[in-house]
Every structure is written in C-alpha cells, then in structure tokens.
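Notes for the one structure printed next.
Order of appearance sets the numbers: ligands from 1, and atoms from 1 within every ligand. Everything numeric here is computed off the predicted structure, so don't read it as measured data.
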Amino acid sequence: HPLWQNSVYDPVLKPLKISYDPTTCLHIWNNGYSFLVEFDDSADRSIIVGGPLENQYRLKQFHFHWGAINEWGSEHTVDCKFYPAELHLVHWNAVAYPTFEEAVMEGDGLAVIGVFLKLGAHHEGLQTLVDALPAIKHKDTVIEFDVFDPSCLIPQCPDYWTYAGSLTTPPLTESVTWIIKKQPIEVDENQLEAFRMLLFTSDGEEEKRMVDNFRPLQPLMNRTVRSSFQ
Ligand SMILES: NS(=O)(=O)c1ccc(C(=O)NCC(F)(F)F)cc1
Ligand SMILES: [Zn+2]
C-alpha cells in the first residue's frame with residue numbers, strides 16, 4: 001500500500017516491544033511461493049507487544065517478497081517508491097484465539113511486521129539465511145534451522161506506519177495489523193541474487209525462478225495509515 005502520503009501521526013501509538021527467543025527457530029523451507037523460517041509457537045517464547053497492539057502476539061514465521069530486478073519487489077511503497085524486497089514477520093494473537101488457523105479469520109488475529117530491504121552493505125545476519133538457500137532450491141524442500149534471532153533483521157529505529165489490512169496471498173483475509181518499519185535494512189547484490197536463485201518449481205519439473213513473488217499495489221480505499229513518528 002502507498003505509505004506516507006496518506007498517513008497521519010498518532011501520538012497515542014506506543015513503541016513496539018520485540019522479544020524473540022532464538023532457540024524457538026525450527027526449520028527453513030521453500031513453500032513454492034517464498035522461503036519461510038518457522039518457529040515453535042506452542043508457548044509465549046517469541047512475542048511482540050505494544051505498538052498499535054492490544055494483546056501480545058506470537059511469532060510463527062517470517063518470509064520475504066522480492067523482484068526479478070532491484071527496481072521492484074516490495075508489497076508496500078514509500079513516496080511511490082518500491083524497494084527490491086520486503087521481509088514479513090508473521091505473528092498471531094494466541095491470547096484471544098486457540099490456533100493460528102482461527103486467528104487468520106479474525107480482524108485482530110494477526111500482526112505482521114514489514115521491513116524493507118534496500119541495496120547497500122552486506123548484511124551479516126541475513127547471510128546465515130542466504131547460506132541455507134541452496135539446500136531449499138526446490139518447492140517443498142526443507143532443512144533444519146536450529147538457532148536464529150530474527151531481531152537482527154529489524155532496524156533499530158523505532159519509527160513505523162500501521163494500518164488494518166489483509167494477508168497479501170489467498171485467502172487475503174482482513175486479519176492483519178500491519179506494522180511497517182520506516183527504516184530499511186541494507187543487503188548487498190549477492191544476497192538479493194541468492195533469493196532469485198530459488199525456484200517456484202519442484203525437483204524434476206521445468207525450472208521457474210522464484211522472482212516477483214509480490215502482490216501488486218492495491219488501492220488504499222478509505223483506510224487511514226497512522227505513523228508513530230512526526
Ligand atoms: N504476505 S503476508 O500477508 O505476510 C502472509 C502471512 C501469512 C500467510 C499464511 O499463513 N497463509 C496461510 C493461511 F493462513 F492458512 F492462509 C499468508 C500471507
Ligand atoms: Zn508476506
């Protein structure tokens with residue numbers, strides 16, 4: 001969604017508090033749309049609270065969206081500008097709902113932190129993920145991933161935009177409180193290229209490179225985007 005132009009500063013918005021336990025990391029896999037790092041969400045061990053949220057939310061997985069070239073790839077824009085990639089950290093409201101699947105259907109069910117990736121310096125923390133990608137080149141391949149702290153992918157700057165939105169892939173349910181960080185993280189060209197080496201296709205099928213796995217921009221309609229900063 002086009003951020004900034006239609007956003008209004010909300011002084012009531014609190015800082016977002018993020019506390020992840022790196023040992024809740026389970027595995028990294030290629031689901032045929034993106035690559036996901038999944039976490040053990042059977043207890044409140046990796047959670048976010050505060051910001052625009054009423055409850056605390058549990059981390060379930062994170063994944064990315066990216067383009068075939070650096071001119072586009074993100075699912076949100078700032079000043080009409082796309083970033084080459086966007087990270088989504090997906091959390092669910094385990095206080096209000098017994099399962100993730102149920103939370104997906106509720107207006108306050110999910111909270112997704114969006115982080116823009118921009119071309120720049122090498123990102124040490126991301127490299128750990130990049131090194132695992134060749135092992136999950138094909139759809140439905142998975143490798144164990146024991147310890148990873150996703151906080152290393154979230155910029156220090158506390159500023160964010162927030163709005164009530166939806167999943168960006170089917171079933172597109174309107175269950176997401178979006179929290180988009182203003183500051184991007186920097187990654188280098190080799191790291192972006194590593195994303196583009198993944199395949200949408202399974203082993204043995206005709207290879208289709210996993211690129212442009214983003215939803216096209218959607219109209220904001222009558223939604224208000226609030227900013228935590230002036
Ligand atoms: N790209 S996004 O909006 O962060 C996004 C986040 C999560 C899901 C997801 O879990 N879909 C599976 C479900 F829930 F069963 F439907 C889809 C999209
Ligand atoms: Zn996503």
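- Taking the Zn ion (ligand 2) as reference, the nearest N/O/S atom within His88 carries the name ND1.
- Side-chain atoms of His123 and Glu186 include no donor-acceptor pair closer than 3.5 Å.
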If you look at each N/O of ligand 1, which protein N/O atoms lie under 3.5 Å away, and at what distance?
unit_1   : atom_1 : unit_2 : atom_2 : d
ligand 1 : 1 (N)  : His63  : NE2    : 3.3
ligand 1 : 1 (N)  : His65  : NE2    : 3.3
ligand 1 : 1 (N)  : His88  : ND1    : 3.4
ligand 1 : 1 (N)  : Thr168 : OG1    : 2.8
ligand 1 : 3 (O)  : Thr168 : N      : 2.9
ligand 1 : 4 (O)  : His88  : ND1    : 3.4

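- Counting only residues at least two apart or in different chains, salt bridge (Lys or Arg N to Asp or Glu O under 4.0 Å) contacts with residues 136-145 are absent.
- Angle NE2 (His65) to the Zn ion (ligand 2) to NE2 (His63): 100°, rounded to 10°.
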| request: Show the numbers, then the answer: is there a ring-ring contact (aromatic ring centres under 6.0 Å, His included) between Phe195 and Phe35? | output: CA-CA 9 Å; Phe195 285 19; Phe35 68 93; 5.2 Å; yes
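- One hydrophobic cluster holds both Ile136 and Val130 under the rule that ILVMFWY side chains link at heavy-atom gaps under 4.5 Å.
- Test Thr224, Val225, Leu13, Leu53 against Thr162 for side chain to side chain contact (heavy atoms under 4.5 Å, CB included) and you get one pass: Leu13.
- Arg196 is linked by a salt bridge (Lys or Arg N to Asp or Glu O under 4.0 Å) to Glu189, Glu193, counting only residues two or more places apart in sequence or in another chain.
- With sequence neighbours left out, the ring-ring contact (aromatic ring centres under 6.0 Å, His included) criterion links Tyr160 to no other residue.
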